[in-house]
Amino acid sequence: MNNIRVRFAPSPTGYLHIGSARTAYFNWLFAQKQKGRFILRIEDTDISRHQEEMIDIILDSLKWLSISWDEGPDIGGDFGPYRQSERNEIYQEFAKKLLDNKKAYRCFCTPEELEQRRQDSAKRGEFFSYDRKCLKLDEDQINKKLEEKIPFSIRIVSPENKIISFTDNVYGKIEVISSTIDDFIIIRSNKLPTYNFSAAIDDYLMKITHVIRGEDHLSNTPKQLLVYEALNFMPPSFTHLPMILAKSGEKLSKRHGAISIESYRDEGFLPEAVKNYLALLGWAFDEKTTIFDEKEIIKKFTLGTINKKAAKFDYEKILHINSVYIKNHKISDLAVLIKNRFKKRISEMDVSFLKENGLKAADTENPISREAVFEDIENKMDAIIPLVNKRAKTLNDIEKMIYPFFFDIAYPDDIKNFFKNKNINAAGLIQQAESSLNEIKDNDFNRLIIERGLRNLAEKNNISFAELAEVLRLALWGRTVSLPIFETIEILGRKKSLNRLSDYEELIS
RNA sequence: GGCGCAUUCGUCUAGUGGCCUAGGACAUAGCCCUCUCACGGCUAAAACAGGGGUUCGAGUCCCCUAUGCGCUACCA
């Protein structure tokens, strides 16, 4: 056990998105590698943008990814509370200290006033930075304003010409001259702290040794260093992670489709696959490997091998990685996953859902006989999974593929005349197929025997098996693309298979 | 505008001065396998932003330019 401590500090203004998840994951990975502790802190100091319900959603997303925390708002810890909204006294205390030391000052300018001055500067083609108007106030003036109860914010005093420097684990040495930093506000007039103040204090108080966060904070680091210095804090080690951009190169946002971790879960991504993809954004396992498990990542992970270039998010690639994970997933485990999702889906589905998916209601009295379907699911899923695990990129893909095993199909209209102008006697072939299936003994009704009979049938009729298969596929699935037909017949069982064959025969004759 | 950061196939990346005729993966195209669709296998096309240096030698080091991104909020 050592003293390495990292933190992930989301603000509950939206869902946990891909970029934040990557940050959380890299923190977690580093903690695992170093056998340190991972702290979860909620940065909810902006009451206007804060959405309470987002906290649970973010926590759920992290849990789904198995990114676990050692200290946090829900489980506590020695350095709590872990929500900034509950730490206000602490920030006030430090702000007061800075005020007393003259390292900060009260600013009575109103936001409106500041905005006005900003605009005036812009009109003159200048750029506004705070002019220290309120730093020039003398004690009497300040006391007078305080007596009048004029609201104020607190600004930090940015030193004149000091070089602020730090070494980032990814970006290397960063130097900024303090005069380019404004006297930024640390406490708002509503008495709540701003990010650069509260984050610095909490990181210090929570004994964070390594701050690992997005590159968008690289420019904030010197400001926080100013806070550290004013308060005589030892700063932590900093690591900034390259940004994740949308495919267009813009900052990833809701406009770019699915970016929340929640939506990936709902689409049927496996958490391991999502993490594998995330690890590939700004980091490489080695020169060749794309798929690797978490244990291997933890073994290899170092902050120094993270690269600097912003990465564009590639949906095709995460899909591909997910498909590999599905393919490699243990069949029985995958079956359990699908069973659960499928049952949930079926509990929620209605008749219009059946229609949209080319399925038929059981009967008008009881359009979806859920009990029967549930039983069917339990019996058949283990046999079905091997047919679909190499064909699907998501769990949702699997669901869509297997409806016809559990519901009757509705033949689309264009299927009726499919063989009209072809030199194939579809109806005749179906009749022969029916008797072929009928000849099989109950105990022998399996894929191999079914195949033998049907291949013979093609041969007898002097057609290729591909041609026969097309007829059977249309009858069994109502479409030209399907899962393999011998297995379909075996899993469907003799009775249902024969029903479909005769239904189709009736349709085309 | 100021400050900071970045720039290798369309995309994610390998590359830390000679192993680079620049490697892998996704996507794309073709072939093979095949009952359709997938899987799998093989092959193809595809990149060092531009310009100057340093060096016997530069994708790799330095400078300039261009482009992109971030910060510049009483957002985080």
Side-chain angles (χ1 to χ4, degrees), chain A residues 9-13 43-46 48-49 84 107 109-111 114-115 118 121-122 125-129 151-155 168 170-172 174-177 179-182 184-196 198-199 213-223 240 242-243 245 247 249-251 277 280-291 307-321 323 327 387-393 397 401 451 454-455 458 464-474 477 479-486:
Chain A
S11 73
T13 52
E43 307 214 324
D44 52 352
T45 58
D46 183 356
S48 60
R49 296 204 315 154
Q84 292 191 324
C107 174
C109 304
T110 65
L114 290 166
E115 184 53 35
R118 232 188 302 275
S121 296
E126 286 165 19
F127 204 85
F128 179 78
S129 65
F152 60 89
S153 60
I154 300 178
R155 289 179 183 272
D168 185 88
V170 170
Y171 290 93
I174 308 283
E175 271 183 357
V176 174
I177 183 139
S179 38
T180 62
I181 301 174
D182 244 20
F184 61 91
I185 290 177
I186 55 175
I187 301 283
R188 290 178 259 238
S189 49
N190 67 4
K191 305 291 177 206
L192 260 23
T194 58
Y195 165 74
N196 282 311
S198 56
R213 68 207 337 179
E215 197 242 39
D216 45 341
H217 291 300
L218 194 62
S219 305
N220 282 324
T221 306
K223 297 183 198 169
H240 289 89
M243 301 289 275
L245 274 18
K247 195 128 204 189
E250 301 166 272
K251 200 170 169 180
Y277 177 73
L280 248 17
L281 257 21
W283 185 77
F285 186 81
D286 60 22
E287 46 193 24
K288 300 222 157 117
T289 318
T290 303
I291 308 289
N307 67 213
K308 306 173 186 183
K309 191 189 160 194
K312 287 178 188 155
F313 183 78
D314 187 355
Y315 185 72
E316 295 297 334
K317 188 140 183 174
I318 191 173
L319 253 191
H320 169 257
I321 289 176
S323 78
K327 229 174 288 165
L387 302 185
V388 294
N389 70 147
K390 290 186 172 58
R391 282 168 232 265
K393 290 196 193 316
D397 286 351
M401 282 178 204
E451 172 165 10
L454 292 176
R455 284 195 188 275
S464 70
F465 181 71
E467 288 171 296
L468 207 215
E470 192 172 41
V471 177
L472 298 175
R473 174 165 294 112
L474 248 50
W477 286 86
R479 24 182 232 233
T480 54
V481 171
S482 78
L483 297 179
I485 54 179
F486 309 131

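For the numbers below, each heavy atom of this structure counts, side chains included, while hydrogens, waters and symmetry mates do not. By convention in this document, chain letters (A, B, ...) are assigned in the order of the sequence lines, proteins followed by strands, and residues within each chain are numbered from 1.
No contact: H240(A) has no heavy atom under 4.0 Å from any strand. Nucleic acid contact class of T45(A) (heavy atoms, under 4.0 Å, all strands): sugar-phosphate only. Note on S189(A): a base of the nucleic acid sits closer than 4.0 angstrom, heavy atoms only. Residue contacts for N220(A): at a heavy-atom cut-off of 4.0 Å it reaches a base atom on one of the strands shown.
Glycosidic conformation of C64(B): anti, with the torsion beyond 90° of 0.
As rounded to the nearest Å, G52(B) and A58(B) have P atoms that lie 13 Å from one another. Comparing the same atom, P, in U11(B) and in C69(B) gives a spacing of 15 Å after rounding to whole Å. Distance noted for atom P between C9(B) and A46(B): 14 Å (whole Å). Atom C1' of G23(B) sits at a distance of 28 Å from the matching atom of C62(B), rounded to the whole Å. G10(B) and A22(B) are spaced 15 Å apart, taking the P atom of each and rounding to whole Å. Across C19(B) and U60(B), the matching C1' atoms stand 14 Å from one another, rounded to whole Å. For the P atoms, the distance from C64(B) to G2(B) is 15 Å, rounded to whole Å. If you take atom C1' in U8(B) and the same atom in U67(B), they sit 16 Å apart, rounded to whole Å.
Distance alone, capped at 3.5 Å, places no donor-acceptor pair between the D182(A) side chain and the F184(A) backbone. Checked by atom type and distance alone, the side chain of N196(A) never pairs as donor or acceptor with a backbone atom of I186(A) at under 3.5 Å. Checked by atom type and distance alone, the side chain of Y195(A) never pairs as donor or acceptor with a backbone atom of D46(A) at under 3.5 Å.
With hydrogens and angles left out, the side chain of D216(A) and the base of A76(B) share no donor-acceptor pair within 3.5 Å.
Between the CG atom of L319(A) and the P atom of U28(B) there is a distance of 11 Å, given to the nearest Å. U72(B) atom C1' lies 12 Å from atom CZ of F184(A), rounded to whole Å. Rounded to whole Å, the distance from NZ on K223(A) to P on G70(B) is 14 Å. If you take CG of N190(A) and P of A73(B), they are 18 Å apart, rounded to a whole angstrom.
A donor and an acceptor atom, one from each side chain of H320(A) and T290(A), are nowhere located under 3.5 Å apart. For the residue pair R473(A) / S482(A), a side-chain donor-acceptor distance below 3.5 Å is found, with atom types taken as modelled.
Toward the 5′ end of RNA chain B lies the nearest nucleotide of D182(A), the other residue of the pair D182(A) and D44(A) mapping further downstream.
Between U72(B), C74(B), A76(B), one nucleotide has an atom nearer to the side chain of F127(A) than all others, and that is U72(B).
Residue F285(A) holds its CZ atom at 10.5 Å from CG of L280(A), rounded to the nearest 0.5 Å. To the nearest 0.5 Å, the span separating NZ on K191(A) from OG1 on T45(A) amounts to 15.5 Å. To the nearest 0.5 Å, atom CE of residue M243(A) and atom CG of residue L281(A) are 12.0 Å apart. The CG atom of L218(A) sits 4.5 Å away from the CD1 atom of I174(A) when rounded to the nearest 0.5 Å. One finds the CD atom of E43(A) at 11.0 Å from the OG1 atom of T13(A) (value rounded to the nearest 0.5 Å). Rounded to the nearest 0.5 angstrom, T480(A) OG1 and E470(A) CD are separated by 7.5 Å.
Using Watson-Crick or G-U wobble geometry with both donor-acceptor distances under 3.5 Å, C5(B) finds its partner in G68(B). Across every strand in view, U34(B) sits unpaired, with no contact that passes the Watson-Crick or G-U test at under 3.5 angstrom. Applying the Watson-Crick and G-U wobble criteria (two distances, each under 3.5 Å), U11(B) pairs with A25(B). Nucleotide C20(B): unpaired (no Watson-Crick or G-U wobble partner with both distances less than 3.5 Å). Both distances falling under 3.5 Å, in either a Watson-Crick or a G-U wobble arrangement, occur for no nucleotide opposite G57(B).
R118(A) has a side-chain polar atom (N or O) that falls below the 4.0 Å cut-off from OP1 or OP2 of C74(B).
Between K309(A) and P242(A) the shortest heavy-atom distance is O-CB, 3.2 Å.
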What pairs of nitrogen or oxygen atoms, one from the protein and one from nucleotides 46-50 of chain B, lie under 3.5 Å apart?
none

Just the atom pairs and distances: protein N or O near nucleotides 32-40 of chain B's N or O, under 3.5 Å.
| from | atom 1 | to | atom 2 | distance (Å) |
| --- | --- | --- | --- | --- |
| C35(B) | OP1 | R455(A) | NH2 | 2.7 |
| C35(B) | O2' | R473(A) | NH1 | 3.4 |
| C35(B) | O2 | R473(A) | NH2 | 2.4 |
| C35(B) | N3 | I485(A) | N | 3.3 |
| U36(B) | O4' | R473(A) | NH1 | 3.1 |
| U36(B) | O2' | T480(A) | O | 3.2 |
| U36(B) | N1 | R473(A) | NH2 | 3.2 |
| U36(B) | O2 | S482(A) | N | 2.7 |
| U36(B) | O2 | S482(A) | O | 3.0 |
| U36(B) | N3 | S482(A) | O | 2.7 |
| U36(B) | O4 | P484(A) | N | 3.4 |
| C37(B) | O2 | R391(A) | NH1 | 3.0 |
| C37(B) | N3 | R391(A) | NH1 | 2.2 |
| C37(B) | N4 | R391(A) | NH1 | 3.4 |
| A38(B) | O2' | K390(A) | O | 2.9 |
| C39(B) | O3' | K327(A) | NZ | 3.2 |
| G40(B) | OP1 | K327(A) | NZ | 3.4 |

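Counting heavy atoms of neighbouring residues, nucleotides and ligands inside a 6.0 Å radius, atom NZ of K327(A) exceeds 12 of them.
In summary, the aromatic rings of Y277(A) and F313(A) are positioned with their centroids under 6.0 Å apart.
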- Note on the structure: Expected string for nucleotides 3-14 of chain B under the B/S/- scheme (protein heavy atoms, under 4.0 Å, primed atoms plus P, OP1, OP2 as sugar-phosphate) is SSSSSS--BBSS
